[in-house]
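All remarks here apply to the structure that follows.
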There are 2 protein chains.
Amino acid sequence: MARQEPSSARTPMHMIISEKLRKQIQNGVYAPGDQLPSEFDLGRTFGVSRTTVRRAIATLTGLGLVTTQQGKGVFVKPQSKISFSLANPLTFFDSELAKQGVTSSLQTLQYELTQPDPEIRARLKLPESEAMIYLQEKLILADEMPIAVDLAYFPEIVGIALKDNVNNGFTYRTLAISGYDIESAEVSLESRPASYNVRDLLDVPLGSPLLVYHYLAWDKEKVPLVYGETISRADRTFYSVGLERSQLGF
Amino acid sequence: MARQEPSSARTPMHMIISEKLRKQIQNGVYAPGDQLPSEFDLGRTFGVSRTTVRRAIATLTGLGLVTTQQGKGVFVKPQSKISFSLANPLTFFDSELAKQGVTSSLQTLQYELTQPDPEIRARLKLPESEAMIYLQEKLILADEMPIAVDLAYFPEIVGIALKDNVNNGFTYRTLAISGYDIESAEVSLESRPASYNVRDLLDVPLGSPLLVYHYLAWDKEKVPLVYGETISRADRTFYSVGLERSQLGF
DNA sequence: TAGTGGTCTAGACCACGGC
DNA sequence: CCGTGGTCTAGACCACTAC
């Protein structure tokens with residue numbers, strides 16, 4: 001039942017197909033928002049089974065070029081990205097996004113006292129193993145679409161003070177209002193594939209790349225005030241910052 | 001020929017299988033470096049076809065948890081990441097990586113005069129459309145394995161001055177030696193899926209996440225000295241930086 | 001030579017969207 | 001209702017690795 005050409009061409013058919021479609025998308029043959037031919041049609045035009053076409057489409061999905069919608073078809077994805085500030089991505093994020101022509105909003109999903117993971121406890125330098133923390137979970141929307149989730153962990157004392165201001169503005173600003181002044185911070189950025197938890201919140205396929213911004217902030221006495229992670233869709237966001245001579249590493 | 005249970009369970013078999021394996025990997029049932037059962041065996045134990053097993057394995061590959069090796073098997077990937085400095089990732093990168101217990105080296109793939117893309121020309125603010133630039137392409141190795149590619153674009157005058165020092169140290173330091181002092185810079189970070197070009201250089205599967213670090217540096221007169229991109233394997237690297245109060249956005 | 005993953009087929013049923 | 005993508009099968013051949 002299986003048939004395979006004498007492998008005159010070394011490159012597999014699914015790759016030939018995905019490359020052809022990729023170039024057509026890049027060259028504007030299919031514009032953002034356009035629908036690709038159906039899997040059945042593609043199979044007929046390339047003379048391959050539907051399985052092979054699906055393999056090619058899966059590649060394009062992995063490259064972030066198309067999305068599939070059951071019952072409708074395969075569509076070319078728009079590509080624009082939103083900029084976050086690396087020095088402080090989420091303070092004033094609303095005005096910053098407005099500058100980029102994007103309407104934004106915040107949604108606090110939860111704010112609760114809970115027991116921290118050992119890892120979180122270590123980062124916040126909490127000595128006792130029974131110490132509790134406040135967890136704030138927020139959803140960041142741009143143009144009505146969720147683009148990021150923020151998880152912030154506060155030591156209990158800090159968290160109590162924040163309680164009333166939780167819905168105003170954002171982390172660093174909220175801290176300042178409550179009388180906690182940040183003196184320094186350590187931030188880092190990594191990329192991670194989407195797992196099941198965030199997949200639903202951010203409406204992305206499993207395994208698609210996410211940007212994870214970690215932040216740890218201290219007061220004058222080097223006491224940790226907050227640790228957090230902002231998890232954003234890598235296909236919709238990037239981080240940037242300007243650096244002066246004194247800040248460069250030489 | 002096709003058989004499908006009455007869909008008592010709503011979740012597809014390939015997802016059940018990938019989730020089961022994912023949890024086993026997370027719980028250490030399969031440690032880093034371990035080999036998973038063969039596709040044939042997994043199909044037998046789960047009572048599904050090999051195609052379905054392969055679909056599950058593809059998910060795990062997308063999550064960065066396993067790698068497949070033709071003729072050998074499926075293996076659990078080790079997970080450690082190397083830190084780059086965000087303020088200046090590639091100056092002194094050797095000593096920085098040594099601190100992390102990693103031996104590193106640099107390999108200049110090419111250094112040549114060429115005609116820039118319109119995008120590069122715009123970033124370097126080159127007025128004439130016939131202006132040429134120097135392109136430096138470098139491979140960064142950690143523990144003998146390629147983890148990043150760096151593409152640096154220099155205006156012609158700058159590039160000539162650099163010619164003799166190209167193999168010493170790295171971009172910013174090389175510039176300083178040649179008498180070009182950087183006064184300020186704008187850097188940004190994004191994540192992008194691996195395309196065919198970098199796939200071979202970095203030895204990663206197509207579509208796996210990459211971190212892309214963009215840098216644009218100017219002298220005192222705000223004349224661009226270099227624009228570049230450092231493209232690194234997201235499963236092997238992250239970026240971090242310390243910030244003082246004055247640098248925070250408030 | 002045996003065992004592994006990589007590619008591919010022809011056909012089935014299911015779930016969803018829109019007419 | 002039909003057309004779309006989502007899931008799945010049983011079996012084939014190829015390419016690579018190891019013994």
Side-chain angles (χ1 to χ4, degrees), chain A residues 1-21 30 33-62 65-77 199 203 205-207, chain B residues 1-21 30 33-62 65-77 199 203 205-207:
Chain A
M1 217 172 270
R3 186 53 359 96
Q4 171 94 325
E5 308 316 318
S7 78
S8 53
R10 280 338 217 152
T11 51
M13 275 307 292
H14 70 80
M15 201 176 283
I16 293 174
I17 295 171
S18 64
E19 265 303 86
K20 177 142 191 175
L21 290 173
Y30 298 111
D34 281 4
Q35 180 171 9
L36 261 52
S38 76
E39 296 177 349
F40 182 82
D41 285 348
L42 286 172
R44 196 156 45 75
T45 58
F46 284 105
V48 298
S49 75
R50 207 187 130 208
T51 311
T52 302
V53 170
R54 280 181 63 74
R55 174 69 204 272
I57 303 275
T59 299
L60 297 179
T61 306
L65 295 174
V66 303
T67 52
T68 59
Q69 287 174 256
Q70 185 171 141
K72 297 179 77 174
V74 182
F75 299 87
V76 178
K77 265 196 352 188
R199 155 145 117 342
D203 186 34
L206 191 62
Chain B
M1 217 171 271
R3 187 53 357 98
Q4 171 95 326
E5 307 316 320
S7 78
S8 53
R10 278 340 216 157
T11 51
M13 275 307 292
H14 72 79
M15 201 176 283
I16 293 174
I17 295 170
S18 65
E19 264 304 87
K20 177 141 190 175
L21 291 173
Y30 298 110
D34 280 5
Q35 180 172 10
L36 260 52
S38 76
E39 296 177 348
F40 182 81
D41 284 350
L42 286 171
R44 196 155 45 76
T45 59
F46 284 105
V48 297
S49 75
R50 206 186 131 209
T51 310
T52 303
V53 171
R54 281 180 62 74
R55 174 68 204 272
I57 303 275
T59 299
L60 296 179
T61 306
L65 295 174
V66 303
T67 53
T68 59
Q69 287 174 256
Q70 185 170 148
K72 297 179 77 174
V74 181
F75 300 86
V76 178
K77 264 193 0 184
R199 171 198 0 54
D203 186 34
L206 191 62

What integer distance in Å separates [X]:[atom1] from [N]:[atom2]?
X       : N      : atom1 : atom2 : answer
A:Gln70 : D:dC2  : CD    : P     : 19 Å
B:Met13 : C:dC13 : CE    : C1'   : 17 Å
A:Gln69 : C:dA15 : CD    : C1'   : 14 Å
B:Gln35 : D:dT17 : CD    : P     : 14 Å
A:Phe46 : C:dT7  : CZ    : P     : 17 Å
B:Ile17 : D:dT7  : CD1   : P     : 13 Å
A:Glu39 : D:dC2  : CD    : P     : 20 Å
A:Arg50 : C:dC14 : CZ    : P     : 14 Å

It should be established whether [X] places a side-chain nitrogen or oxygen under 4.0 Å from OP1 or OP2 of nucleotide [N].
X       : N      : result
A:Arg54 : D:dG6  : yes
A:Lys72 : C:dC16 : no
A:Thr52 : C:dT9  : yes
A:Ser49 : C:dG11 : no
A:Thr51 : C:dC8  : no

A:Val53 or B:Pro37, whichever maps to the more 5' nucleotide of DNA chain C: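 Looking at DNA chain C, the more 5' nearest nucleotide goes with B:Pro37.
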Closest-nucleotide ordering on DNA chain C, the 5'-leading residue of A:Gly71 and B:Val74: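 Closest to the 5' end, via its nearest nucleotide, is B:Val74.
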Using 0.5 Å steps for rounding, measure from the [atom1] atom of [X] to the [atom2] atom of [Y].
X        : Y       : atom1 : atom2 : result
B:Thr52  : B:Leu42 : OG1   : CG    : 12.0 Å
A:Asp41  : A:Arg44 : CG    : CZ    : 5.0 Å
B:Thr61  : B:Lys77 : OG1   : NZ    : 8.5 Å
B:His14  : B:Ile57 : NE2   : CD1   : 13.0 Å
A:Leu206 : B:Glu19 : CG    : CD    : 7.5 Å

Under-3.5 Å donor-acceptor pair between A:Arg55 side chain and C:dG6 base: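 No such pair is found, so the answer is no.
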